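Counting starts at 1 for both ligands and their atoms, following the listed order. Residue numbers count from 1 along this sequence. Quantities reported herein were computed from a predicted structural model and do not represent experimental measurements.
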Amino acid sequence: MPSILILNGPNLNLLGTREPEIYGAQTLADVEEDARIYATSRGVTLTCAQDNSEGALVSHLHAARGSQDGVIFNAGAYTHTSIALRDAISGIALPVIELHLSNVHARESFRHHSMIAPVCTGVIAGFGAAGYRLAIDAMLGVLERQA
Ligand code: CA2
């Protein structure tokens, strides 16, 4: 059974409390529950984690090595700034899908650049919480091709 980690970064614990027009009305617990139900229907063992600190996200990525087959990663604002996360993704040698709820390219220009995209397998952005289901399907395709 493939195992996938969904890892969410800074401020995503606030989902559903503010800016629903950008990030949707669901809480992070709702989004994770939807993803869990979908993962089960696709025969995937899903683990979910969230942290607001960059170092803890690096540690989650390191821990995924050896315990997960792939990572779906919404790095939040660290996407645009973090060399540490980029190096961690390169270092774990696992497929990582960068995910954003919003279409970052339709927003402020500082959100247009991703520090991590070059070391990720692919990017999903702009589909709200449905993006996590799309990412699970995309990851299954990657893992099948890898096998
Ligand atoms: O669209 C995404 O998923 C983002 O990764 C979300 C980040 C943002 O910095 C990225 O550019 C795009 C921000 C997450 C903040 O989430 C909140 C949710 C509700 C209320 C306040 C913040």
Run through all N or O atoms in ligand 1 and write down each protein N or O closer than 3.5 Å, as a pair with its distance.
{"from": "ligand 1", "atom 1": "1 (O)", "to": "Leu101", "atom 2": "N", "distance (Å)": "3.3"}
{"from": "ligand 1", "atom 1": "1 (O)", "to": "Ser102", "atom 2": "N", "distance (Å)": "2.9"}
{"from": "ligand 1", "atom 1": "1 (O)", "to": "Ser102", "atom 2": "OG", "distance (Å)": "2.6"}
{"from": "ligand 1", "atom 1": "3 (O)", "to": "Asn74", "atom 2": "ND2", "distance (Å)": "2.9"}
{"from": "ligand 1", "atom 1": "3 (O)", "to": "Leu101", "atom 2": "N", "distance (Å)": "2.7"}
{"from": "ligand 1", "atom 1": "5 (O)", "to": "Asn74", "atom 2": "OD1", "distance (Å)": "2.8"}
{"from": "ligand 1", "atom 1": "5 (O)", "to": "His100", "atom 2": "ND1", "distance (Å)": "2.9"}
{"from": "ligand 1", "atom 1": "9 (O)", "to": "Ala77", "atom 2": "N", "distance (Å)": "3.4"}
{"from": "ligand 1", "atom 1": "9 (O)", "to": "Arg111", "atom 2": "NH1", "distance (Å)": "2.9"}
{"from": "ligand 1", "atom 1": "11 (O)", "to": "His80", "atom 2": "NE2", "distance (Å)": "2.7"}
{"from": "ligand 1", "atom 1": "11 (O)", "to": "Arg111", "atom 2": "NH1", "distance (Å)": "2.9"}

Closest non-hydrogen atoms of Asn52 and Asn11, given as atom of the first, atom of the second and distance, are OD1-N, 2.9 Å

Taking only residues two or more places apart in sequence, or in another chain, which ones meet Glu144 in a side chain to side chain donor-acceptor pair (under 3.5 Å)? none

Short side-chain donor-acceptor distance under 3.5 Å, Thr79 and Glu98: no

Residues in salt bridge (charged side-chain N to carboxylate O under 4.0 Å, His left out) with Arg86, at least two apart? none

Residue pairs passing the ring-ring contact (aromatic ring centres under 6.0 Å, His included) test where at least one lies in residues 49-108, sequence neighbours excluded: His105-His112

Ile97 reachable from Leu134 in the ILVMFWY side-chain graph, under 4.5 Å edges: yes

